[in-house]
Amino acid sequence: MTGDPSGPPLDELIAGLTVDVPDHPEPGIVFRDLTPVFADGPAFRRVVDGLAAPALSDPRAAALAGAGAGDRAFDVVAGVEARGFLLAAAVALDAGVGVVPVRKAGKLPRERIAADYALEYGTATLELHTDSVRPGQRVLVVDDVLATGGTLTAAVALVEQLGGVVAAVAVVVELAALGGRQRLAPHTVHALWTT
Ligand SMILES: O=P(O)(O)OC[C@H]1O[C@H](OP(=O)(O)OP(=O)(O)O)[C@H](O)[C@@H]1O
Ligand SMILES: Nc1ncnc2[nH]cnc12
């Protein structure tokens, strides 16, 4: 953890850098564009630290840790295509674990499982290589935005179908009115900014 603790609280920092784009990708949707957060080096540093931190200290996640696991409550990080990839790789590298891509349909070349889902704007399919998560492995599932929770519910279902144990779900922004947290229950959801 090397994030500078000085400066604004992390939620205020993220809120200040996020750009709201009305009617994208379709009328009625206010798109929360986090690319300026990722493009800001110190902010990105704090976001990456913040995504891993609760999974290190959450008692429920820690309870999943076996002997010798140190203070890390996850063995691998799963990132959801595409924006989740930017975050998951950085979190995994910092934590000293591997990263697993949860991909949109048609991208993974080998044996895989799939889950269809609906998100705030549309429908899609996520896939996971069957050998990317081993039974009993503790998985931190990472994405940028939790809206309806359709995407992350599908990602969690794929991890669990392979026998993985979801240590926690971590996102940068939670759009609380859309109920994603409730949909993901009983899984622990850590959001750096809830709006
Ligand atoms: O909670 P939900 O309603 O499911 O929405 C959240 C998802 O929507 C966005 O992904 P999108 O499918 O737009 O993909 P992208 O990352 O490739 O832009 C976002 O990155 C989340 O994965
Ligand atoms: N409003 C929103 N802004 C950015 N990403 C999203 N994914 C789902 N809903 C979103």
Side-chain angles (χ1 to χ4, degrees), residues 10-40 43-44 47-48 50-52 55 76-92 99-108 112-129 132-133 139-161 164 166-195:
L10 186 51
D11 57 348
E12 289 179 20
L13 180 66
I14 296 165
L17 288 169
T18 299
V19 178
D20 285 356
V21 184
D23 299 322
H24 179 87
E26 56 188 47
I29 302 293
V30 178
F31 190 86
R32 309 294 186 138
D33 180 18
L34 297 178
T35 56
V37 180
F38 303 153
D40 181 307
F44 187 57
V47 162
V48 170
L51 288 171
V76 68
V77 180
V80 182
E81 185 169 355
R83 290 172 258 158
F85 288 176
L86 295 169
L87 300 161
V91 170
V99 62
V100 164
V102 183
R103 297 218 60 175
K104 301 276 171 58
K107 301 292 186 179
L108 292 175
R112 59 205 171 269
I113 53 173
D116 298 329
Y117 64 99
L119 68 157
E120 194 186 4
Y121 39 74
T123 59
T125 302
L126 285 177
E127 296 183 341
L128 192 55
H129 272 147
S132 62
V133 175
V139 184
L140 176 65
V141 183
V142 169
D143 205 354
D144 66 332
V145 176
L146 173 62
T148 65
T151 304
L152 278 163
T153 299
V156 162
L158 291 173
V159 166
E160 292 182 333
Q161 195 178 327
V166 174
V169 172
V171 298
V172 181
V173 178
E174 172 192 10
L175 307 180
L178 296 175
R181 180 180 292 271
Q182 290 73 26
R183 189 157 172 196
L184 280 162
H187 294 292
T188 301
V189 175
H190 295 296
L192 302 182
W193 174 36
T194 298
T195 184

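This chain uses plain numbering: 1 for the first residue, then up along the sequence. We count ligands from 1, going down the list as the structure has it; atoms in each ligand are counted the same way. Keep in mind that the numbers below use all heavy atoms, side chains included, and drop hydrogens, waters and symmetry copies. As the structure is a computational prediction, the values presented were derived from the model and not from experiment.
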For [X] and [Y], which heavy atoms make the closest approach, and how far apart are they?
{"X": "D11", "Y": "L192", "value": "CB-O, 3.4 Å"}
{"X": "A155", "Y": "V102", "value": "CB-CG1, 4.2 Å"}
{"X": "V173", "Y": "I14", "value": "CG2-CG2, 4.1 Å"}
{"X": "G28", "Y": "D23", "value": "N-OD1, 2.8 Å"}

Closest protein heavy atom to [atom], given as residue, atom name and distance to 0.1 Å:
{"atom": "atom 6 (C) of ligand 2", "result": "Y121 OH, 3.3 Å"}
{"atom": "atom 22 (O) of ligand 1", "result": "D143 OD2, 2.5 Å"}
{"atom": "atom 9 (N) of ligand 2", "result": "E120 OE1, 2.5 Å"}
{"atom": "atom 20 (O) of ligand 1", "result": "D144 OD1, 2.6 Å"}
{"atom": "atom 7 (C) of ligand 1", "result": "T151 OG1, 3.4 Å"}
{"atom": "atom 8 (O) of ligand 1", "result": "L119 CD1, 3.4 Å"}

Quiz item: Out of G79, G122, A82, P25, whose heavy atom is nearest to atom 15 (P) of ligand 1?
Solution: A82

Quiz prompt | Closest candidate by heavy atom, reference atom 9 (C) of ligand 1, pool R103, R83, R32 | solution =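 Heavy atom nearest to atom 9 (C) of ligand 1 belongs to R83.
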
Quiz item: What residue among V47, L51, V99 forms side chain to side chain contact (heavy atoms under 4.5 Å, CB included) with V91?
Solution: L51

Self-check item: Identified side chain to side chain contact (heavy atoms under 4.5 Å, CB included) counterpart of E120 within the set T151, V30, T148, V145
Solution: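 Going through T151, V30, T148, V145 one by one, the side chain to side chain contact (heavy atoms under 4.5 Å, CB included) with E120 is satisfied by T148 alone.
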
Practice problem: Would you mind reporting whether T153 and L184 have side-chain heavy atoms less than 4.5 Å apart? | Solution: yes

Exercise. Answer whether the closest heavy-atom distance between the side chains of T123 and D116 falls below 4.5 Å.
Key: no

Quiz item: Should the proximity of K104 to ligand 1, defined as any heavy atom under 4.0 Å, be assigned to the side chain, the backbone, both, or neither?
Solution: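 Looking at K104 and ligand 1, just side chain atoms fall under 4.0 Å.
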
Self-check item: Contact (N/O only, under 3.5 Å) between A118 and ligand 1
Solution: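 No; every N/O pair is 3.5 Å or more apart.
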
Quiz item: Under 3.5 Å, N or O to N or O, is E120 touching ligand 1 that way?
Solution: yes

Quiz prompt | Part of H24 with heavy atoms under 4.0 Å of ligand 2, whether side chain, backbone, both or neither | solution = neither

Quiz prompt | For ligand 2, the portion of R32 having any non-hydrogen atom under 4.0 Å away | solution =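 Near ligand 2, R32 shows its backbone as well as its side chain.
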
Practice problem: Would you check if the side chain of D20 reaches a backbone N or O of R32 as a donor-acceptor pair within less than 3.5 Å? | Solution: no

Exercise. Please check if the side chain of K104 supplies one atom and the backbone of A124 the other of a donor-acceptor pair under 3.5 Å.
Key: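 No: the side chain of K104 does not pair with the backbone of A124.
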
Quiz item: At the 4.0 Å heavy-atom cut-off, does G149 count as touching ligand 1?
Solution: yes

Exercise. Report, in ascending order of atom number, the atoms of ligand 2 lying under 4.0 Å from any heavy atom of A147.
Key: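 The atoms of ligand 2 under 4.0 Å from a heavy atom of A147 are 8 (C), 9 (N).
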
Quiz item: Counting each atom of ligand 2 from 1 as listed, which ones have a heavy atom of R83 under 4.0 Å away?
Solution: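 Listed by number with element, the hits are 4 (C), 5 (N).
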
Atom indices of ligand 1 within 4.0 angstrom of [X] heavy atoms, with elements:
{"X": "T148", "result": "1 (O), 2 (P), 3 (O), 4 (O)"}
{"X": "Y121", "result": "8 (O), 9 (C), 11 (P), 13 (O)"}
{"X": "V145", "result": "6 (C), 21 (C)"}

Quiz item: If we only count N/O pairs under 3.5 Å, is V30 in contact with ligand 2?
Solution: yes

Self-check item: Ion pair check, R181 and E174, cut-off under 4.0 Å
Solution: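 Yes.
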
Practice problem: Indicate the ring-plane relationship of F44 and F38, choosing parallel, tilted or perpendicular according to the 30° and 60° boundaries. | Solution: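 Rings of F44 and F38: perpendicular, over 60°.
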
